[in-house]
S.K.: 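Can you keep this structure in mind? I'll have questions shortly.
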Amino acid sequence: MKSIKYILVSGLLLLSLSLSAQHQSSMRINEILVTNTSDFQDDFGQHNGWLELFNTSYGTVDVGGCFLSNDRNNLKMYIIPKGDVLTKIKPRQHILFWADNQPYRGTFHTNFTLAESDTLFFISSDGRTIIDAIAIPKDLGENKSYGRIQDGIGSITGDGEGYAYLDRTSPSTNNYGVDAETKSMIMAKTDPHGSIMSLTAMSVVFLALIILAIIFTYVGKLSVRKMQKTSDATAVGKDESKPAAKVSEVSSETFAAIALALHLYSVENETHDDESFAITMTHTDRTYSPWSSKIYGLRQTPQIKK
Amino acid sequence: MENIIQNLGQFWEYTGFANANYQYILMIAIGLGFLYLGIKKEWEPMLLVPIGFGIIIGNIPLFPGLQVGVYEEGSVLNILYQGVRQGFYPPLIFMGIGAMTDFSALISNPKLLLIGAAAQFGIFGAYALALLIGFTPAEAGAIGIIGGADGPTAIFLSSRLAPDLMGAIAVSAYSYMALVPVIQPPIMRLLTTKKERVIRMKPPRTVSPTEKKIFPIIGFLCTAFIVPSGIPLLGMLFFGNLIKESGVTRRLANTASGPLIDIVTILIGITVGCSTQADKFLQLKSVEIFGLGALSFMIATCGGVLFVKFFNLFLKEGNKINPLIGNAGVSAVPDSARVSNIEGLKYDPKNYLLMHAMGPNVAGVIGSAVAAGILLGFLS
C-alpha cells in the first residue's frame with residue numbers, strides 16, 4: 001500500500017516538474033535593444049540595452065530560477081532570482097530585463113550587457129536546456145530594436161526566422177499592435193472593390209438560411225404527417241375515449257369557416273331563438289352561492305391520514 | 001458689485017447662447033424635424049421621438065468640462081451611452097424582438113427564408129459602393145448594414161467597426177426604416193408586372209406548438225455554428241423567441257417583449273440622438289452615409305423582389321410566390337410586410353399578403369444578424 005502511495009506521489013511530482021518545465025518552455029525572447037541612447041529609461045533614469053521575454057502560453061509561468069546568457073560556454077551566466085512575485089509572468093504577457101551589468105539594482109537587471117553579433121540565450125531552470133536563442137544582427141544601430149514580428153512566433157534556434165528590425169521599440173508590450181495591419185487594412189489590399197467579400201458573405205448567408213429551410217421543410221413534413229395520423233385516428237374512431245384533435249392543430253380559418261357556416265345556417269333557417277333570459281352582473285339577494293364561495297377558490301391543506 | 005458682474009459674465013460663458021454656432025442650431029432643427037415626423041406624421045414614433053429629442057439634448061452648446069456631454073467621460077449621458085458604445089443595448093432589443101416575433105409564417109413555408117437572404121444584397125451592394133467612394137472596409141461594412149434595415153444591428157456593428165460613424169449610421173438606419181413605405185413601393189411596382197402582382201399564394205399551413213418550440217433552438221444552432229461572431233444578436237433573438245414559445249416562461253417573455261424592450265428602446269433612442277453632436281455629425285461623411293443608406297435600402301428591395309421572380313421560374317403553378325412580398329426581406333418588421341400587403345390589395349382587393357410577407361420579414365431579421373456576424377468576423 002505504501003509503495004503505491006510513493007509511486008503516486010513521485011508520479012505527481014514528476015508531472016508537476018514536467019508541467020513546470022513545459023511552462024518555462026513557453027517563454028520566448030521577444031525583442032532586444034542593444035544600444036540605448038535615447039530610448040526608454042530604467043527605474044534609475046539610465047539608458048541601457050534591454051531584452052524582452054514573452055509568455056506564449058495561456059497559463060502563468062514563473063521564470064524564477066531560469067538563466068539568461070550571451071555566452072554559449074556559460075549558460076548559467078545570470079540566474080533570474082527565485083521567490084520574486086514579479087517573475088511570475090501572466091498568460092500572453094511580457095517581462096523586461098535591463099542588460100546593464102548591474103545585477104544589484106534588482107531582479108530585472110542582468111550581470112552582462114548586450115553587444116551586436118552576440119547570441120542571447122534563455123535557459124531552463126535545469127541550466128542546460130536552451131529554450132530560446134537569438135543571434136543579434138551586427139548592424140542593429142542605436143535605439144533600434146530587433147524582435148519577433150508577431151509576439152512569440154518564429155524560430156527558437158537563433159536563425160532569425162520570424163524576426164525583423166522593428167519600426168518602433170515596444171518594451172513590455174506587443175511587437176505588433178497599433179501599427180499592425182488590421183483585418184480591415186488587409187481586406188483593403190486583397191479585395192479593394194469588395195466583390196470577394198460580398199460573394200463570400202452572401203454565400204454564407206444563403207448557406208445558413210438554406211440549411212435552416214431544409215431542416216424545417218422536413219420538420220414540417222413530419223409534423224403534417226403526425227397531425228394527419230392524429231386526425232385519421234379520431235375520424236375512424238379507433239379510440240373514442242380520446243379527445244378529438246387538439247385545438248391548436250385546427251387552423252383558425254377552419255374555426256372561422258365553421259362559425260360563418262353556422263351563422264348563415266341559423267340566419268337563413270331562423271333556427272336561432274331569442275332567449276328569454278340574460279346573463280348580467282347584477283347583484284342578487286342570495287347571501288351564499290357556490291360561485292362566490294371562497295372555499296372553492298382556496299387550495300385545500302393536505303391532511304396526513306394515519 | 002464688481003464681483004457680481006464678474007460672476008454674471010462667467011455664468012454667461014457657461015450658457016448655450018454664448019457657445020452656440022450655426023452647426024448646433026442646424027442640428028437642433030434636424031431634431032425638431034424628427035419630432036415633427038414622429039409626432040405629427042406618426043412615422044416610427046417610438047424611434048423618431050426619442051432620437052429627435054436626443055438630437056436636441058446632444059446639441060445644446062456646452063462649455064467644455066461641465067461633465068454633462070455625452071462624450072465627456074463619467075457624465076450621466078456618457079454612462080447611458082456605454083450601452084450603445086459597448087454594444088449591449090442591441091442584443092437586449094433583439095431578445096425583445098424574439099419574444100414578440102411569431103415565426104409561424106416562416107416555419108409553415110421555409111422557402112421564404114431565402115427571400116430574407118436575398119434582401120441582404122443591399123448590405124453588400126452598399127459595402128462595395130462605400131469602398132468605391134473611399135471608405136475603409138471596416139467603415140464600409142458598418143455603412144452597408146444600414147441596408148439590413150435593422151437599427152439595433154446597425155448600432156451593434158458600427159460600434160465595433162466604425163465607432164466614429166455610429167451616430168450617422170444609426171440615425172440613417174432608423175430614418176430609412178421610417179421611410180420604408182415611401183422608398184419601397186415605387187421599386188416594387190417598377191420590377192413587377194401586373195400579372196405577378198395578383199399572384200395568390202397558398203394559405204400557410206397550421207404550425208404545431210412543437211415546431212414553434214424547436215425552431216429557435218435549431219435556428220440558433222444552425223446559424224451560430226456557421227457564424228459564431230453573430231452570437232450576441234442571434235443568441236438573444238432566438239432565446240427571446242424560445243421563452244415566448246416554450247409556454248412555461250410567460251412572465252419572462254412578457255418582460256422581454258414589454259418593459260425591457262421599451263426601456264432599452266428609450267435608452268438607445270435618446271443616447272443615439274445625443275451622440276449626433278454637431279461637431280461630430282456635421283461632416284461630408286455623414287451626407288455620404290445617408291446617400292449610401294438610401295441606396296442600400298433600394299438595392300435590398302430590388303434584391304428581394306428580383307429573387308422572388310427568379311425563384312418563381314422553378315416553382316410549379318399554384319406554388320408561385322407573389323413578388324410583392326420580396327421587399328419584406330429587409331428586416332424592418334412589420335413595416336415592410338405591411339407595405340407588401342397594401343401594395344397587394346391595390347391590385348387585388350381580396351389578396352391579403354400580410355401573413356405571407358411576415359415570413360421573409362422575420363427571415364430578414366435572421367439574415368441581417370447573420371450578415372452582421374460575417375462582417376464582424378471579416379473586418380473587426
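Order of the sequence lines sets the chain letters (A, B, ...), proteins ahead of strands, with each chain counted from 1.
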S.K.: Below 4.5 Å, heavy-atom pairs only: which of A:Ile211, A:Ile214, A:Val204 has the largest tally toward chain B?
M.R.: A:Val204
S.K.: Any side-chain donor-acceptor pair under 3.5 Å between B:Asn319 and B:Lys202?
M.R.: yes
S.K.: Which residue out of A:Leu212, A:Leu207, A:Thr200 racks up the most heavy-atom pairs below 4.5 Å with chain B?
M.R.: A:Leu212
S.K.: So which residue, B:Ile214, B:Ile107, B:Ile366, ends up with the most heavy-atom pairs under 4.5 Å with chain A?
M.R.: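 Between B:Ile214, B:Ile107, B:Ile366, the count favours B:Ile214.
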S.K.: Kindly write out the residues that satisfy ring-ring contact (aromatic ring centres under 6.0 Å, His included) with A:Phe40, not counting sequence neighbours, or none if the list is empty.
M.R.: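 A:Phe40: no ring-ring contact (aromatic ring centres under 6.0 Å, His included) contacts found.
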S.K.: Does the side chain of A:Gln93 pick up a donor-acceptor pair with the side chain of A:Asn55 at under 3.5 Å?
M.R.: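 Side chains of A:Gln93 and A:Asn55: no pair found under 3.5 Å.
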S.K.: Where on B:Phe135 is there a heavy atom nearer than 4.5 Å to chain A: the side chain, the backbone, both, or neither?
M.R.: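 No part of B:Phe135 comes within 4.5 Å of chain A.
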S.K.: Charged N to carboxylate O below 4.0 Å: is that the case for A:Glu52 and A:Arg148?
M.R.: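 Salt bridge absent between A:Glu52 and A:Arg148.
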S.K.: Hydrogens and angles aside, do A:Asp151 and A:His94 bring a side-chain donor and acceptor to less than 3.5 Å of each other?
M.R.: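 Yes, because at least one side-chain N or O of A:Asp151 sits under 3.5 Å from a partner of the opposite role on A:His94.
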S.K.: Give a yes or no answer on whether the side chain of A:Asp132 reaches the backbone of A:Arg28 with a donor-acceptor pair at less than 3.5 Å.
M.R.: no
S.K.: Quick check on the interface: out of A:Lys226, A:Met202, A:Met187, who has the most heavy-atom pairs with chain B under 4.5 Å?
M.R.: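 Of A:Lys226, A:Met202, A:Met187, A:Met202 has the most heavy-atom pairs under 4.5 Å with chain B.
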S.K.: Regarding B:Asn361 and B:Ser336, is there a side-chain donor-to-acceptor distance under 3.5 Å anywhere?
M.R.: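 Per modelled atom types, B:Asn361 and B:Ser336 side chains form a pair under 3.5 Å.
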S.K.: Under 3.5 Å, side-chain donor or acceptor atoms of residues 121-133 of chain B against the rest of the protein: list the pairs with distances, not counting sequence neighbours.
M.R.:
none

S.K.: Under 4.5 Å from any heavy atom of chain B, what part of A:Ser195 do you find: side chain, backbone, both or neither?
M.R.: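 Neither part, no heavy atoms under 4.5 Å.
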S.K.: Are B:Thr249 and B:Ser246 close enough, and set up right, to give a side-chain hydrogen bond (donor to acceptor under 3.5 Å, both in side chains), and what steps lead you there?
M.R.: CA-CA 7 Å; B:Thr249 49; B:Ser246 69; 3.0 Å; yes
S.K.: Hey, which residues of residues 136-145 of chain B are touching chain A, say heavy atoms under 4.5 Å apart?
M.R.: B:Thr136, B:Pro137, B:Ala138
S.K.: Among residues at least two apart in sequence or on other chains, which ones pass ring-ring contact (aromatic ring centres under 6.0 Å, His included) with B:Phe297?
M.R.: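 For B:Phe297, the residues satisfying ring-ring contact (aromatic ring centres under 6.0 Å, His included) (neighbours in sequence not counted) are B:Tyr176.
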S.K.: With a 4.5 angstrom heavy-atom cut-off, is it the side chain or the backbone of A:Leu209 that approaches chain B, or both, or neither?
M.R.: both
S.K.: Would you please say whether a donor-acceptor pair under 3.5 Å links the side chains of A:Ser170 and A:Asn175?
M.R.: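 Side chains of A:Ser170 and A:Asn175: pair found under 3.5 Å.
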S.K.: Please classify the contact between B:Leu161 and chain A as side chain, backbone, both or neither, with a heavy-atom cut-off of under 4.5 Å.
M.R.: neither
S.K.: When heavy-atom pairs shorter than 4.5 Å are enumerated against chain B, which of A:Ile215, A:Val205, A:Asp191 gives the highest number?
M.R.: A:Val205
S.K.: For chain A, which of B:Val370, B:Thr223, B:Leu106, B:Ile226 has the most heavy-atom pairs under 4.5 Å?
M.R.: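 Of B:Val370, B:Thr223, B:Leu106, B:Ile226, B:Ile226 has the most heavy-atom pairs under 4.5 Å with chain A.
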